[in-house]
> 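Just passing along the structure, written as structure tokens.
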2 protein chains.
Amino acid sequence: MLTKWLNLTVSMMSTEEKIFEAAFKVFQSKGFTGARMQEIADEAGINKAMLHYFFRSKEKLFEAVFLNAFGKLAPQVNEIFNSEDPLFEKIEKFVHSYISFVIDYPFLPQFIIQEMNNNPEFVAKFLKDEKRPNPSKLLKQIETEIGLGIIKPISPKQLLLDIFAMTAFPFAAQNLVKGIINISNDEFFQLMEERKIHISEQIINAIKK
Amino acid sequence: MLTKWLNLTVSMMSTEEKIFEAAFKVFQSKGFTGARMQEIADEAGINKAMLHYFFRSKEKLFEAVFLNAFGKLAPQVNEIFNSEDPLFEKIEKFVHSYISFVIDYPFLPQFIIQEMNNNPEFVAKFLKDEKRPNPSKLLKQIETEIGLGIIKPISPKQLLLDIFAMTAFPFAAQNLVKGIINISNDEFFQLMEERKIHISEQIINAIKK
DNA sequence: TCAATATTTAATCAATTTGTTAAATTTTTA
DNA sequence: TAAAAATTTAACAAATTGATTAAATATTGA
């Protein structure tokens, strides 16, 4: 987004950009059904009619925001998953890159998961997209490395789930986590920083021979 | 709930029970803002006015459903966390019990996490409840077992997060998971069955000395 | 410049949705 | 049994909310 590049202030953004960023913010915290067009307009500091002028409808605006959000994550996941690196290195790179990214967009995981569950018709739409996360190469690699005796026999899908779960869950369940283990926002992000190393260690310890 | 005890059919449930179960169902799949009072009434097979007759408002109805949902999970988590079992046994019991339970209520984790994020004011309300998940004893136990040389040095909070993440994430992100690793609903539940053993193995392998 | 085009606003519409009410029906109980 | 209480219904009120419109203002290009 242009504003990220040039660090522009709100006043220099185009109205369309202001709407988009406001919508991103509101949709993330309220979800599609919870979000209000008026709140997005207020957040953007413009008249509500502008939302429809630029994006036609709430659905269209949401779609733009959601696909953009998902499009931020998927490519870098794929780049790592489809590289020629050995498995352990891929795990380290994925965890590090995912957590670094999501620390900047802390509500993105929950947003994606939530809308994925509430609007299942949406799922189909971009699972066809070639940018979608595609773990098939990684799954084969896991089998190969088992065959080579590098790692213990293990279900590749379970391992993939482990990796996603360990990295994404704390962000997705952010408020629950903070409440249950009783930590502040700062402590949470400190914990997530540490987690970049922790997760790789845990998983590699568990599967290495 | 009475219907669980006696396995009664819908027609034998009291109206209040019918409403409650219908609300549980609709709130889970649509979330608070997405749920419609009319849809709950239809699902329960009663007149919409009954919802207000028994529960006054959508908020009250939701609160009843949400606290009940959370109340299903928390006590058994606490029972395991606060027992006198050694750590490895606790991990095995927790994972097994949590997954078994959640297989019967597959949308409960996503529901709780979602409403926790969307209605933060709700969080406070039952984090005071003595029934809330309280991991303090478990956290101390982890430190103790590290001191005794049973497990490797590790951050207790990270380990706790690992356990929650590995068990809860696949359910919370159900539709995303199914889409990305490309499996059917049946295959998903098969995978979750296998996961009861897999998770304990992974975690224990990672931390045992 | 000035006409054409794009942007913006305020007011309002139309549909949806939560909530109410008064009357009818059923159930309870004295 | 019959009065009292609880339950249920249909109709409607009130509020919310996504969307439209027509007019005003600003911008652009010939």
Side-chain angles (χ1 to χ4, degrees), chain A residues 1-3 8-67 111 114-115 118-119 121-122, chain B residues 1-3 6 8-67 114-115 118-119 121-122:
Chain A
M1 200 159 301
L2 199 58
T3 55
L8 300 174
T9 60
V10 174
S11 61
M12 301 184 69
M13 278 190 250
S14 75
T15 299
E16 189 168 350
E17 284 172 321
K18 282 193 265 180
I19 292 172
F20 193 90
E21 300 224 337
F24 185 72
K25 194 169 169 182
V26 174
F27 278 135
Q28 267 194 98
S29 65
K30 303 289 176 71
F32 175 72
T33 51
R36 295 289 162 250
M37 297 297 268
Q38 187 58 60
E39 187 179 353
I40 294 173
D42 293 346
E43 178 74 34
I46 49 93
N47 188 288
K48 182 165 65 80
M50 300 305 291
L51 303 184
H52 294 94
Y53 179 73
F54 282 110
F55 293 92
R56 287 182 52 86
S57 70
K58 189 183 180 185
E59 270 81 10
K60 297 269 187 202
L61 177 55
F62 176 79
E63 188 173 315
V65 166
F66 185 82
L67 293 179
F111 175 59
Q114 171 168 319
E115 298 310 326
N118 291 347
N119 315 348
E121 67 280 8
F122 239 73
Chain B
M1 200 161 302
L2 200 59
T3 56
L6 303 177
L8 299 174
T9 61
V10 175
S11 61
M12 301 183 70
M13 277 189 252
S14 75
T15 299
E16 189 169 349
E17 284 171 321
K18 282 192 264 182
I19 292 172
F20 193 90
E21 302 225 335
F24 185 72
K25 195 169 168 182
V26 174
F27 278 135
Q28 266 194 100
S29 64
K30 304 287 176 71
F32 175 72
T33 51
R36 296 287 162 253
M37 296 296 266
Q38 186 59 60
E39 188 180 351
I40 294 173
D42 293 346
E43 177 74 34
I46 49 93
N47 188 287
K48 182 168 64 76
M50 299 305 291
L51 304 185
H52 295 93
Y53 180 74
F54 282 109
F55 293 93
R56 287 182 50 87
S57 71
K58 190 183 180 186
E59 270 81 10
K60 296 271 186 200
L61 177 56
F62 175 79
E63 188 174 316
V65 167
F66 184 80
L67 292 180
Q114 171 169 321
E115 299 307 327
N118 291 348
N119 316 348
E121 66 282 9
F122 240 72

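Values in this document were obtained by computation on a predicted structure and should not be read as measured data. Just the heavy atoms: all of them, side chains too, but no hydrogens, waters or symmetry mates, feed the values below. Residue numbers begin at 1 in each chain, while the letters A, B, ... track the order of the sequences.
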> Nearest-nucleotide wise, let me know which of A:His52 and B:Glu16 is further upstream toward the 5' end of DNA chain D.
B:Glu16
> Rounded to whole Å, how long is the line connecting atom OH of B:Tyr53 with atom P of C:dT27?
14 Å
> To the nearest Å, how far apart are A:Leu61 CG and D:dA19 C1'?
13 Å
> Mind listing the closest non-hydrogen atom pair of A:Phe32 and A:Glu115 along with its distance?
N-OE2, 3.0 Å
> Could you tell me the separation between the CZ atom of A:Phe54 and the C1' atom of C:dA6, rounded to a whole number of Å?
9 Å
> What I'd like to find out is whether the side chain of A:Lys58 reaches to under 4.5 Å of the side chain of A:Arg36, using heavy atoms alone.
yes
> State which of D:dT20, C:dT7, D:dT9 makes the closest approach to the side chain of A:Ala49.
D:dT20
> Please report, rounded to the nearest Å, how far the P atom of D:dT20 is from the CG atom of A:Asn47.
14 Å
> Whether the side chain of B:Glu21 engages the backbone of B:Lys18 through a donor-acceptor N/O pair (distance < 3.5 Å, no angle test) should be reported.
no
> Take the protein atom CZ of A:Phe62 and the nucleotide atom P of D:dA19, then report the distance between them rounded to whole Å.
14 Å
> Would you say B:Asn119 and B:Phe62 make side-chain contact, with heavy atoms under 4.5 Å?
yes
> Without decimals, in angstroms, what is the distance between A:Ile19 CD1 and D:dA19 P?
13 Å
> Look at the side chain of B:Glu59 and decide which nucleotide, out of D:dT8, C:dT9, C:dG19, has an atom nearest to it.
C:dG19
> Got a donor-acceptor pair under 3.5 Å from the side chain of B:Lys48 to the base of C:dG19?
yes
> Just the rounded figure in Å: distance from P of D:dT16 to NZ of B:Lys58.
14 Å
> Quick one, B:Phe54 and B:Phe20 - any side-chain contact, counting heavy atoms below 4.5 Å?
no
> Can you confirm whether or not the ring centre of A:Phe66 sits under 6.0 Å from the ring centre of A:Phe111?
yes
> Do any of residues 32-42 of chain B sit with a heavy atom less than 4.0 Å from DNA chain D, and if so which?
none
> Which residues pass the side-chain hydrogen bond (donor to acceptor under 3.5 Å, both in side chains) test with A:Glu43, sequence neighbours left out?
A:Lys25
> Looking at C:dT18, I'd like to know if its phosphate oxygens (OP1 or OP2) sit under 4.0 Å from a side-chain N or O belonging to B:Ser57.
no
> Take the protein atom CE of A:Met50 and the nucleotide atom C1' of D:dT20, then report the distance between them rounded to whole Å.
14 Å
> For B:Phe55, which contact category applies under a 4.0 Å heavy-atom criterion: base, sugar-phosphate, or nothing?
nothing
